[in-house]
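Read through the structure below, which is laid out as structure tokens, and then see the notes.
Letters go in sequence order (proteins before strands), and every chain restarts at 1.
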Amino acid sequence: MLTPAITIGFVLVGLATALTLWRLAKGPTMADRILALDTLAIDAIALVVLMGLSRGISFSFEAALLIAMMGFVGTVALCKYLIGRAIIE
Amino acid sequence: MEVLVSVALGVLTATGVYLILRPTTFSVVLGLTLLSYAVNALIFFGSRLNAGAPPLSVAGLSNQTDPLPQALVLTAIVIGFGMTAYLLVVALKAKAESGTDHVDAGETR
Amino acid sequence: MMAHLPFLPVLIPLVTAVVLLIATKADIAVKRSISALSLGLLVTAAAGQVLVSDDGIVRVYRLGDWPAPYGIVLVLDRLAALMVVLTSVLAMPVFLAATSGTDERGLHFHAFLQFQLMGLNGAFLTGDLFNLFVFFEILLLASYGLLVHGGGLQRARAGIAYVVLNLSGSALFLIALGLLYGFLGTLNMADFGVALQAVKPEDQGVVAVMCALLVTVFLLKAAVLPIGFWLPHVYTAATLPVAALFVIMTKVGIYALLRVVTIGLLAAPFTAGLLQPWLTWLALGTIVLGATGMLASTSLGAVVANLVLVSGGTLLLAVAEPGAGSIAAALYYLVQTTLVTAALLLLADVLRRQRGEAEDRLVAGPRLQSTTVAGLFFLFFGVAACGAPPLSGFIGKIMVMQAMEGSAHPALIWTALIVSGFVAALVLARAASVVFWEPGAPDGTDKRDVSLVPASGLMLALGLLTASIIAVSVWAAPVASYARAAAEQMLARDAYVSAVIGDPAAVQRERRP
Amino acid sequence: MAAGLASALVLAPEVFAGTTVLWRVAWLPEWGLDFALRLDGLGLLFTILILGIGVLIVLYAAYYLPKTDDLHRFYISLLGFAGGMLGIVLAENIVLMVVFWEVTSLTSFLLIAYKYQEVEARISARMALAVTGGGGLALLAGVLLLGSVAGSFDFSVIEARAGDVRADPLYPVILILFLLGAFTKSAQFPFHFWLPHAMAAPTPVSAYLHSATMVKAGVFLLARMYPVLAGTDLWFVIVSTVGAITFVYGAYVALLKHDLKGLLAYSTVSHLGLITLLFGLNTPLAAVAAVFHIVNHAIFKASLFMAAGIIDHETGTRDMRRMGGLFYSMPRTAVLAILAAGSMAGVPLLNGFLSKEMFFTAAVAHPGFDGANLILPVVATIGGMFAVAYSVRFVWDVFFGQPPQDMPKTPHEPPGWMRLPVEILVALVLFVGFLPQFSVGPLLTVAAEAVLPGAVPEIKLAIWHGFNLPLAMTVVAFGLGVFQFTRRHKLYALQERYTWRLTSPVAFERFYRGATRVSTSVMALVDSRSLQRNLVLFFSFVLVLGVWAWWTTGRAAGWVSTLTGPLPVGEVDLASAFAFAVLLFGAVSTVVYRRNRVMAVIFMSVTGAVVSLAFLRFHAPDLALTQLSVEVVTIVLLLMCLRYLPETPVAQSTGSRRLRDGVLATAAGVGVSAMAYAMLTRPYETIAGYHMANAKPGGGGTNVVNVILVDFRGYDTLGEIVVLAMAALGLHALLSGTRMQGPPTVALAKADRYPIMLAELMRPLLPLSLAVAVYIFLRGHNLPGGGFIAGLVAAVALMLQYVAGGVDFASERLRLNYVRLLGVGLGIATLTGVASFWFGASFLTSTHGYVYPPVIDKFELASAMAFDLGVFLVVIGTVLLAMTEIAALRRGETTAPAGAPAKDRG
Amino acid sequence: MTLREWLVPQPILTLAIAALWALLAGDVSGGTLLLGLTLGLLIPVFTSQFWPGRPRTFRVGAALRLMFVVVYDIIVANVAVARIVLGNVQGIKSKFVDVPLDTDDPYVATILASIITLTPGTLSIDIDMDKRVAHIHGLDVPDQSLLIDEIKTRYEAPLKEIFGC
Amino acid sequence: MSAEALAAFLIVTGGFFVLLGSIALIRLPDIFTRLHGPTKATTLGVGAIVIASSVAGYAMTGNVSLKELSVSLFLFITAPVSAHLLAKAALKEQSKDR
Ligand code: NA
Ligand code: NA
């Protein structure tokens, strides 16, 4: 029961990722792209967790936590760059 | 799968090398980063693709992945990070001194 | 401590650097004292290594007590000891010269100097190829720090070029190491040779490529013809004491080549002849390039930088045709050329300080203050540098020439060696003529930094180097016989292998996947 | 010098007894270089010459040179030269001879440039060094070859194997190299040109080096090597031809010189040619004549130079057209000079006559020139004629002729001590001239014995040999010479019209500059100083070498099959294909968008994320975590730097360059793909089984990757954190004191600079993130994690405080000196390693065990954890130092006074 | 500063860290809790500088109540958003709305803004503490005042209760 | 409902919301409306999948592990901040374009 669910999950998240990538490529604004990148990070968390479930990869949690933290930091940095070009001042 | 991985490494290498050959410091940094992805992955795949479990020395586990390439890559990643950070700052310094971000920083010839 | 002797040349600078960082706020005098103390210890340890290693036993230091090839080992043999002692001896005058003010022109000079020594000594002592990469990175990053020390556009520009080129080289090094492990499943140098012998014919093509890549990395460091153009620019951009220290950097490339060739490539028939067909030509090309560069040089620093290029090419001749005679000659030549070119660079610093805006460029500058002393130094180092008798340069040259007599192209090699020495003599004579003899600018336009002129540290540094050069000239025989013994030890692969990994057949290997 | 002469004379009896005195100190025996000396007849003769004339020169120079000069430089160089010269003539080891040979070149260089204020002196010195030093190098090659052919560098051994040497196929090469050395040193045509310009040296130097001794080193070499190298046709052809040309040419030019020292210099060239010619004749008689003439020439030419020096010194000029009638103001000097000049011309009863007679005799008696072939006697006569002409001119123009024209000084006799050396030498001229057999006979005999391999012909040193052809030649030469002298003005006019200036110092300098220019253009051509060019070369070199290695080594197994291994190839799943597509998209977009920098950063991070996920997918969680964190920190740094880089990048490279780079990059990519495929499809044998087996029992951890990092290969990790610390230190050193401004931006409201939600939420996030960091740190040894990742997490959490609140806000609260933190971190890691010394173990030997603190369950503590703590601290220090330093670049931007010069010119 | 304030400057935080630790460690054994509490005590000491020094009142009951409300809203409203996103996106009336704030505490305002963002249909753009307004963006806002009212009663009032301001 | 079924449900629902967020990203007309999708739907979706992982872990091993919750916790704390900054960035970009 879990296996088909995971497969469906993979497909759904994979589709989401593809759509997000499309937005990333399309833009039009930089904010759009950063938003897409941020979303990609969250999609990646989903993918990692699903990968953990399907392939028995044991350390998906740590990866997920780290992607969450680091994705956030990346978004903050990119946004601050866009706002005032200075990330730390 | 082996073809896929090899081609991926090749693509990373090619894009990395191409960017390293661009005239701006920024592109060079990007290129070196891409090249380091390729390099790290290449070392990592020294343990081949069809390897087994994570390299944990736990009773009951068998057929674990070769841990050595992973350790090497970790070292390589960290060293690469230090180098990139330093290169970035050298590029900044050259910009501060010369006013341009050309890799040859205003060299006349 | 004797048990840890092989490790001390790495540990001493590391601990010193740590202390210097913790005491980062301390006065420069305190830092100099710490550095000086450490250098004293280092030279002692290095000398101890030479004395100990001269019994011909290959000593192995197992880091973490893990046996090779599984853990990292340091291997102390004659070659390693020679390189370490050379580095340490060179460090003294560089340090002394830097205390004449160079070390105050930026931050962390002494820490970088110590890290540089740690990197160099670590590279010379390690018996592990990946660890060699790590220490290459240490010595490179330290050299980056030292290169840009003092600031300025030229240094920043040279810094970019040097860093990027070396990072590309490091990437190649990693590719080679990745393939090395991927094909041979080991990282230890001795085991590398053993594993090479077991390579099946169908795998030899790719393994040879891996070896070629590895060799290229070292050729980049050694500044060989098509990939050596970086060297003069880097050396001329650095402050002169730093450039003097950098002289040993190309020798790291030569050292690594010698190691990898003698322990690795010579072990298997399909790699033994990998370099011969082309390395001699590259070496000759490098010599020609250096000689041409010398003629084109507009500063004393540039002249010496090109001399370094020439000496690199000369050393490569031995790598191209490795034998006891050629390696011994190369080792003697390496020692003396390192001391001599470093001395010339430090002397250039002395002159630069007295010549105001003319710096070390080959244009008429203000009249020098200490013509006699500086002139004698110039004469002495110049004679040694162009390989004129009776100093070490001449001895080194005749050793290399004799060793090359049996090579494939003796006439060409001899011609290159002789002509490059001739060009060096002409260029140095002209440099002396311009710097010492051409009438200077009137005193009004003289903008020399008077406070820097009586730089006792620099003079002491030059004195030390002079003494070393005299020593290797007068006691050429013991040095040369040590070099010969080192060369023979390098070529005695079996002894090395059994010292490092014991019985090669007993190494646990697992077939994967 | 006098002492040296004395000691030489002490040994002289032995030499006269026919013994060769040998003396040896080992220097570099293995490589053929020993401090081995020999004293034979030839050596003794030269020793006496060198030291004897040397003493006189020193005496002379004491009066000649102004006291204000830095005389010590002169005397040191002169003594150095004398030592070198002695070394040449006394060397048993021929490598040692080369050593001394170059010593004389070098000291000659210094002495010629003695008056370095004059540009001509400087250039002439370099020209002399170039020619004689260069010749010395050729000689070195010849010596090394000869040593290898003869099997020894000892002259005695070589002499004994002379026949083998001459029969060796390398003999012509050796001969030519030796002759190059001899001819350059002895100023033989076409290498003669340096010698006249060496006259820029003070006259004592000219007298000593450039007439009596150094230039004799070349002919000495011919003499020394005569038993080994002479006797062949090749020797005869080359040596006698070159000698003859030099003999005649030098004599002719000497006549044309108006400068006193110029005349003497070319006369020296000519006489050296004569000596060379004699050696070239391959007959014992000629060789003896040569040795004899060496002595005679040294004596009369040294005295002539000294006389010329006196004239120069006392009149202030050396131009013969400006002087005249000096006989009346300085009669004693005049008499001395006239006698010496007579010897030079070959006037009977003077020593020059004797050797010239021997020369004529040898010329006539030579078996190669019988009655039909008169070329040699004719040449000899013509040379003799010019010698007479220029000698007469010298005497006439200086001492007689027209009265002096505006000479700078009023001439008078020099001080007596200054004239004394000349007097002694002229006395010798007469002594030898009158009593040849008594004066030089024995010395000449032992010297000839040393030169001649076989029996020495009986040397008849007599003033009168009766009426014979040589005497006739002398008479003819005198007659024609005097006639020539009277017609000399015609020749001067000719000379004015066809001045051959190719060999002047100006020409040398022009030649040198030309070489410099050519080199500069060559360097400009091959070394554009451009990083891009160097990189192209590097990558091309790697490719060529790699392909070459594959091509040559893979031949045996079939080239293509070397790239494909036997392992079965796995199937591609959908997820992997998708990931591959994303990677492709990311990497290519990074290239495409490289000029829109934020975009490029974004695409690069997408690429990196795929690589991280790939690591995770292939069971490398540590790698994935590390790669991910490193990438984000890198991106933050990149963005921080981007602020200071110009918005519009520099001009794009040309299409052709992009094509070239594209081809190169593609080739590199193909190469890596090929190697990767070759690797992935091959099985391999690894040592890693040991690590798997020993991680837990030996390293105390189950995460083998981590145990490798902190234990098996902890030394690598130590190196790695050293690199990190240095990167931070390096950028600290680079940026400290540097101030930059980015492109002008709109002033931001405080709310935009420190967005309020960020600022407020980051505060609770910090402690929570630190807790996570501790968690990652502690579990690292057994499960993925460890000091490095934990350090990055903590650093990022702290960094967010900087982002949210600004540098001032965060620094105020985080009172840390990051440089010191780096030191502490490295120190802890190092101490952990050193601690094992106390247990008698090597550096970094780990220990581990369980501790049971109260309440807490068993908690495994490995010493490696302390090491990891060092890693942790270094990472934090590195990241924060980098962040704060880059951020601090803008400090002072707002407080800087208006109109302050901007550091940043972008 | 009392000893308690010095030892436990942020009791809530201490507990939060201990809880997080237990969560991460995946067990509630004595050792884990002790280590968690130790960290909970040590980390705030180290980071206390970053806090403007105000251990405030915190009503746990009210907080839990608000949490349930928010979670409920998130789930329910996400369904609503799904309908919008999958429906006719051209017909939505999105607009910017200014919500006046009753609190002058930026921390509380930030939490409110976060809740606004997390609950579907609204998004905090900015907080202006000088003008005491939150700029928000509504995905589909047929009635602006209704939205403001809902935010103030549903989220702001409980927040003020929790933090006692 | 068994734990496995709950996990399956959560995975599919989570996947749906993740996709929903991305559809919003594609379909909605401007940056401000697009911001709504990922910050809420995707965050929620990932939260569901993460919890599913916990539940599935319990279903497979019988051990309760709630540490996955910390990922959701983190996302819920940070998502508003990201949205806030993104909106500010978008505003800035608009003002610059004008
Ligand atoms: Na290098
Ligand atoms: Na780890």
Could you walk me through whether D104(B) and R533(D) pass the salt bridge (Lys or Arg N to Asp or Glu O under 4.0 Å) check? CA-CA 10 Å; D104(B) 295 328; R533(D) 169 89 80 96; over 6 Å; no

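- Per-residue heavy-atom pair counts under 4.5 Å with chain B were compared for L638(D), V722(D), L735(D), and the maximum is reached by L638(D).
- Using a 4.5 Å cut-off between heavy atoms, V3(B) touches chain D through backbone and side chain atoms alike.
- Within the 4.5 angstrom heavy-atom criterion, no atom of E885(D) approaches chain B.
- Listed by first and then second residue, the side-chain hydrogen bond (donor to acceptor under 3.5 Å, both in side chains) pairs involving residues 71-85 of chain B are T75(B)-E720(D) (not counting sequence neighbours).
- Using a 4.5 Å cut-off on side-chain heavy atoms (C-beta onward), V630(D) and L792(D) make contact.
- Interface residue V611(D): only side-chain heavy atoms are found under 4.5 Å from chain B.
- Looking at S589(D), its side chain never comes within 3.5 Å of a backbone N or O of F603(D) through a donor-acceptor pair.
- The backbone N or O of G565(D) sits less than 3.5 Å from a side-chain atom of T681(D), completing a donor-acceptor pair.
- The candidate with the highest count of non-hydrogen atom pairs below 4.5 Å against chain D, out of A85(B), G80(B), G46(B), A41(B), is G46(B).
- When side chains are defined from C-beta on, M883(D) counts as touching V636(D), because their heavy atoms get closer than 4.5 Å.
- If you measure heavy-atom distances from V879(D) to chain B, the contacts under 4.5 Å come from the side chain alone.
- Contact annotation for V723(D): only side-chain heavy atoms (C-beta onward) come within less than 4.5 Å of a heavy atom of chain B.
- Only the side chain of L19(B) has a heavy atom closer than 4.5 Å to any heavy atom of chain D.
- Taking the side chain to side chain donor-acceptor pair (under 3.5 Å) definition, one finds that S27(B) meets it with T24(B), sequence neighbours left out.
- For a residue to count as touching a neighbouring chain, one of its non-hydrogen atoms must lie under 4.5 Å from one of that chain's; by this rule R682(D) touches chain B with backbone and side chain alike.
- Proximity to chain D involves both the backbone and the side chain of L68(B), based on heavy atoms less than 4.5 angstrom apart.
- By the 4.5 Å heavy-atom criterion applied to side chains, R22(B) and R658(D) are counted as neighbours.
- Chosen from Y684(D), F539(D), F788(D), the residue pairing most often with chain B at heavy-atom distances under 4.5 Å is Y684(D).
- Both the backbone and the side chain of L535(D) have a heavy atom closer than 4.5 Å to some heavy atom of chain B.
- In terms of heavy-atom pairs under 4.5 angstrom with chain D, the leader among V29(B), V7(B), V5(B) is V7(B).
- Here the closest non-hydrogen pair linking S629(D) and I789(D) is OG-CG2, 4.2 Å.
- Between chain D and the options N40(B), L9(B), L30(B), heavy-atom pairs under 4.5 Å are most frequent for L30(B).
- Put simply, of P69(B), A38(B), S36(B), A8(B), the one with the most heavy-atom pairs under 4.5 Å next to chain D is A8(B).
- Heavy-atom distances place the side chain of T686(D), and not its backbone, under 4.5 Å from chain B.
- If you check the side chains of D622(D) and N706(D), you find no donor sitting under 3.5 Å from an acceptor.
- For a residue to count as touching a neighbouring chain, one of its non-hydrogen atoms must lie under 4.5 Å from one of that chain's; by this rule Y677(D) touches chain B with backbone and side chain alike.
- In terms of heavy-atom pairs under 4.5 Å with chain D, the best-connected choice from A76(B), A71(B), G16(B) is A71(B).
- Within the 4.5 angstrom heavy-atom criterion, atoms from both the backbone and the side chain of V90(B) approach chain D.
- With a threshold of 4.5 angstrom between heavy atoms, F45(B) approaches chain D through its backbone and through its side chain.
- The shortest side-chain heavy-atom distance between P646(D) and K95(B) falls under the 4.5 Å cut-off.
- With a 4.5 angstrom heavy-atom cutoff, L87(B) does not touch chain D via any of its atoms.
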